[in-house]
Protein chains: 2
Amino acid sequence: MKDQCIKVQQTEEDIKALQDTIYVIGGKWKLPIIHSICNGNKHFKEIERSIPGITTRMLSRSLRELEDNKLITRTVDPNVPTLVEYEFTEYAKEYGVLITEMIRWGKHHKKMIIGQL
Amino acid sequence: MKDQCIKVQQTEEDIKALQDTIYVIGGKWKLPIIHSICNGNKHFKEIERSIPGITTRMLSRSLRELEDNKLITRTVDPNVPTLVEYEFTEYAKEYGVLITEMIRWGKHHKKMIIGQL
DNA sequence: CGGTATCCTCTCTGATACTG
DNA sequence: CAGTATCAGAGAGGATACCG
């Protein structure tokens, strides 16, 4: 491992893993949606209203991708077929450390770039 | 904070910070380039050869973006004007924890999705 | 060696309308 | 309420050629 390496030597597999991670939570709306569900919004319209600028199209697509990645569940009320609930999976919570670290880094980075420390 | 929240309550500012982070290291080539420099490659052609499929155009653009974000430095040898060295900044190394966490998560996630644990 | 310029394609995203 | 369908624009990325 070279001295100038960023902490860990990365294998090809690591790079793929990194890109997967970025893909899963990347794009314009995934994070705001996660944020919205975090804040207690469960229904499609609730989530939509809580995210300024999002369209039904992008919300629909993003929710499905998050569902495909097992980060959220989609549950239709059997009694009220037009009532759907989106919730985090237990699995999604393992994701907390990463979120925290990304927030920390993003804030630090912004100060660095803007303030030119 | 709601129970179903992913570990931390996120503010609007946090969401922006997260998106910044994804932006800085996002795209198709940033991570492979970081990997390449990690492995000791310093010159444009060296890096290019080490990343299958990348074009000079994308390498050039990505390097400049990483430089704009202070993750790497670009140094021209005053004696040999056509010799350029790309290296990590000290600042970039603070980024190690995040990389590690993203690799860990990405690998775990892949197993989860493929293996359907 | 270390790039830039041009053109082209393809995906992501937005706008709008419509449906069960 | 919870979406899908369709069309259009913007931007990322690829192919190729060329330059100091």
Side-chain angles (χ1 to χ4, degrees), chain A residues 15-16 18-37 40-69 71-88, chain B residues 15-16 18-37 40-69 71-88:
Chain A
I15 295 297
K16 293 217 174 90
L18 278 165
Q19 288 174 325
D20 286 348
T21 299
I22 292 203
Y23 180 76
V24 170
I25 56 180
K28 189 169 177 180
W29 302 108
K30 302 275 183 62
L31 262 1
I33 290 168
I34 289 171
H35 175 230
S36 176
I37 298 177
N41 297 306
K42 286 170 178 289
H43 308 299
F44 194 90
K45 281 289 171 194
E46 263 180 7
I47 300 171
E48 187 185 354
R49 277 189 289 262
S50 73
I51 304 174
I54 199 168
T55 59
T56 58
R57 177 183 137 86
M58 289 314 294
L59 178 54
S60 174
R61 291 169 68 106
S62 302
L63 283 170
R64 192 169 22 239
E65 283 183 41
L66 290 172
E67 193 192 350
D68 290 344
N69 280 296
L71 291 177
I72 59 174
T73 54
R74 181 181 180 279
T75 313
V76 183
D77 188 322
N79 306 313
V80 190
T82 60
L83 193 58
V84 176
E85 272 195 12
Y86 291 97
E87 292 173 291
F88 282 120
Chain B
I15 296 297
K16 293 218 174 87
L18 278 165
Q19 289 173 323
D20 286 348
T21 299
I22 291 204
Y23 181 77
V24 169
I25 55 180
K28 190 168 177 179
W29 301 109
K30 303 275 182 61
L31 261 2
I33 290 169
I34 288 171
H35 176 228
S36 175
I37 298 177
N41 297 306
K42 286 171 177 290
H43 307 301
F44 193 92
K45 282 289 172 195
E46 263 180 6
I47 300 170
E48 188 185 352
R49 277 188 288 264
S50 73
I51 304 174
I54 198 168
T55 59
T56 58
R57 178 183 135 89
M58 289 314 294
L59 179 55
S60 175
R61 290 168 68 108
S62 302
L63 282 170
R64 189 166 330 114
E65 284 183 39
L66 290 171
E67 193 192 351
D68 290 344
N69 280 296
L71 292 177
I72 59 174
T73 54
R74 179 180 181 279
T75 314
V76 183
D77 188 322
N79 306 313
V80 189
T82 60
L83 192 58
V84 176
E85 272 194 13
Y86 291 97
E87 291 172 292
F88 283 121

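Residue numbering restarts at 1 for every chain, and letters A, B, ... go by the order of the sequence lines.
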Could you check which of [options] has an atom nearest any side-chain atom of [X]?
X       : options               : value
B:Phe44 : C:dG20, C:dG3, D:dG14 : C:dG3
A:Val84 : D:dG3, D:dT4, C:dT4   : D:dG3
B:Lys28 : C:dT13, D:dG13, D:dT4 : D:dG13
A:Leu83 : D:dC1, D:dG14, C:dG3  : D:dC1
A:Arg74 : D:dT4, D:dG13, D:dA2  : D:dA2

Check whether any side-chain heavy atom of [X] lies under 4.5 Å from a side-chain heavy atom of [Y], and answer yes or no.
X       : Y       : result
B:Phe44 : B:Leu59 : yes
A:Thr56 : A:Glu48 : yes
A:Tyr86 : A:Lys42 : no
B:Val24 : B:Leu71 : yes
A:Trp29 : A:Glu65 : no

Rounding to a whole Å, what distance do you find between [X]:[atom1] and [N]:[atom2]?
X       : N      : atom1 : atom2 : value
B:Glu48 : C:dT4  : CD    : P     : 13 Å
B:Glu67 : C:dG2  : CD    : C1'   : 13 Å
A:Met58 : C:dT11 : CE    : C1'   : 11 Å
B:Leu63 : D:dG13 : CG    : P     : 14 Å
A:Ile47 : D:dC1  : CD1   : P     : 12 Å
A:Tyr23 : D:dA12 : OH    : P     : 17 Å
B:Leu31 : D:dG13 : CG    : P     : 12 Å
A:Leu66 : D:dG3  : CG    : C1'   : 16 Å

Would you say [N] has OP1 or OP2 under 4.0 Å from some side-chain N or O of [X]?
X       : N      : answer
B:Arg49 : C:dC1  : yes
B:Thr55 : D:dA15 : no
B:His43 : C:dG2  : yes
B:Tyr86 : C:dG3  : yes
B:Thr82 : C:dG2  : no

Exam field: side chain B:Ser60 to backbone B:Arg57, donor-acceptor pair closer than 3.5 Å: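 No, B:Ser60 side chain to B:Arg57 backbone: no donor-acceptor pair under 3.5 Å.
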
Between B:Arg61 and B:Lys45, name the one whose nearest nucleotide on DNA chain C is closer to the 5' end. B:Lys45

For A:Gly53, which contact category applies under a 4.0 Å heavy-atom criterion: base, sugar-phosphate, or nothing?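 Answer is nothing: A:Gly53 stays at 4.0 Å or more from every strand.
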
Base D:dG3 paired with A:Arg57 side chain (donor-acceptor, <3.5 Å):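 Such a pair does not exist between side chain and base.
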
Hey, does the side-chain of A:Thr56 have a donor or acceptor N/O within less than 3.5 Å of a partner on the base of D:dT4? yes

